[in-house]
Participant: 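Okay, here's the structure, questions in a sec.
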Amino acid sequence: MAILFYCPWDNSDQWLAALRSALPEDDFRVWPDVGDPEEIDFAMVWKIPPGVLAGFPNLLAIASLGAGVDALVDDPDLPRNVPVTRLVDPLMADRMAEYVCATVLHHHLGLDNYGLQQSRKHWQRHPTTDARDRTVALLGLGQMGQRCAQRLAALGFNLLGWSRSAREIAGIRCSHGLEALKDVLRQAEIAVLLLPLTERTVNLMDQATFSAMPEGGYLINCSRGECVVEDDLLAALDSGHLAGATLDAFRDEPLAAHSPLWRHPKVRITPHIASLSAAGTAAPILADQVRRARGGQPVADRVDIDNGY
Ligand code: GLV
């Protein structure tokens, strides 16, 4: 039996080396150089072109090399009877929490404004807000959202959480369902998107949801670009309703040179780095999935294809 591997990232050699050392007996086939498709019993992939996975009749499971599975779920030819798993790596949740804490604190402390003042050699103090008086809403309370909640709670922020289905998490007031969203956003001085991309979250942040946020609200998108209507975000920033946004995910990546987001004075951009997956910690997790699938046990962190995540 053999493992299909497809990873379009710059460090795919490093991934392959880590996986080979976690599964030393295994034969890895790198798409498109796969040999006999019938020999492939497990797939480890990231954004493999749609339709390719349908060509392997003996797959026991398909594992995403990242946390998001939208590209897999969107494949119209995905073999529906084969379990799909997302990568759930505590290191990735830690990385996400670092990014979210850094960006929340940056905005909370007004550091963009002090940066501007520095460029003008201007010394002026502004009133401060204590963390307990700053409300941060986390939209999406999966593994990443929960880790962000723990870390932001430790910093003392007033936390709200919103998710599709009900959750109870210490230190955070949780609501769920679409009807509760606007009420959460009305209180959200900072809204952090940590949602999977599904048909329910596509275009979730639009003119109506931005206007529900308080004047001076701030958006942090660590989810997918498709969750935000870009023109509506720009309009909310230009009208002064939103104070700014930090964006780590975009509809088209890399972000095109002509995008108005690049030069917008209220937008900070990072190139989808909030929670990179790491070969060193992912390899043993993926190796365990292979052993489970081959041993006839259910794989961990199975995706519900109908729910989209
Ligand atoms: C990154 O966006 C991931 O889904 O892991």
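For the numbers below, each heavy atom of this structure counts, side chains included, while hydrogens, waters and symmetry mates do not. For ligands, and for the atoms within them, numbers begin at 1 and follow the listed sequence.
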Participant: Quick one: CE on Met144 to CG on Leu194, what's the gap to the nearest 0.5 Å?
Facilitator: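 So the CE of Met144 and the CG of Leu194 are separated by 8.5 Å.
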Participant: Does the ring centre of His126 sit less than 6.0 Å away from the ring centre of Tyr114?
Facilitator: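 Yes, they do, as the ring centres are separated by less than 6.0 Å.
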Participant: Anything with a heavy atom under 4.0 Å from ligand 1 counts, so go ahead and list those protein residues by chain and number.
Facilitator: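 Correct list: Trp46, Gly66, Ala67, Gly68, Met92, Arg224, His272.
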Participant: Is a salt bridge present between Lys266 and Asp238, judged by a nitrogen-to-oxygen distance below 4.0 Å?
Facilitator: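 Between Asp238 and Lys266 there is no salt bridge, as every charged N stays at least 4.0 Å from the carboxylate O atoms.
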Participant: Can you tell me which residue pairs pass the side chain to side chain donor-acceptor pair (under 3.5 Å) test with a partner in residues 286-297, sequence neighbours excluded?
Facilitator: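 Checked against side chain to side chain donor-acceptor pair (under 3.5 Å) - neighbours excluded - the pairs reaching residues 286-297 are Asp26-Arg294, Asp41-Arg294, Asp288-Arg292.
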Participant: Considering only Ile, Leu, Val, Met, Phe, Trp and Tyr, and joining two whenever side-chain heavy atoms are under 4.5 Å apart, list the other residues clustered with Val82.
Facilitator: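 Result for Val82 is Leu4, Tyr6, Trp31, Val34, Ile40, Val45, Ile48, Val52, Leu53, Phe56, Leu59, Ile62, Val69, Leu72, Val73, Leu78, Val84, Val303, Ile305.
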Participant: Name all pairs fulfilling the side chain to side chain donor-acceptor pair (under 3.5 Å) condition that reach into residues 300-309, sequence neighbours left out, sorted by first residue then second.
Facilitator: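 Applying side chain to side chain donor-acceptor pair (under 3.5 Å) to every pair that reaches into residues 300-309, excluding sequence neighbours, yields Arg80-Asp306, Arg164-Tyr309, Asp304-Asn307.
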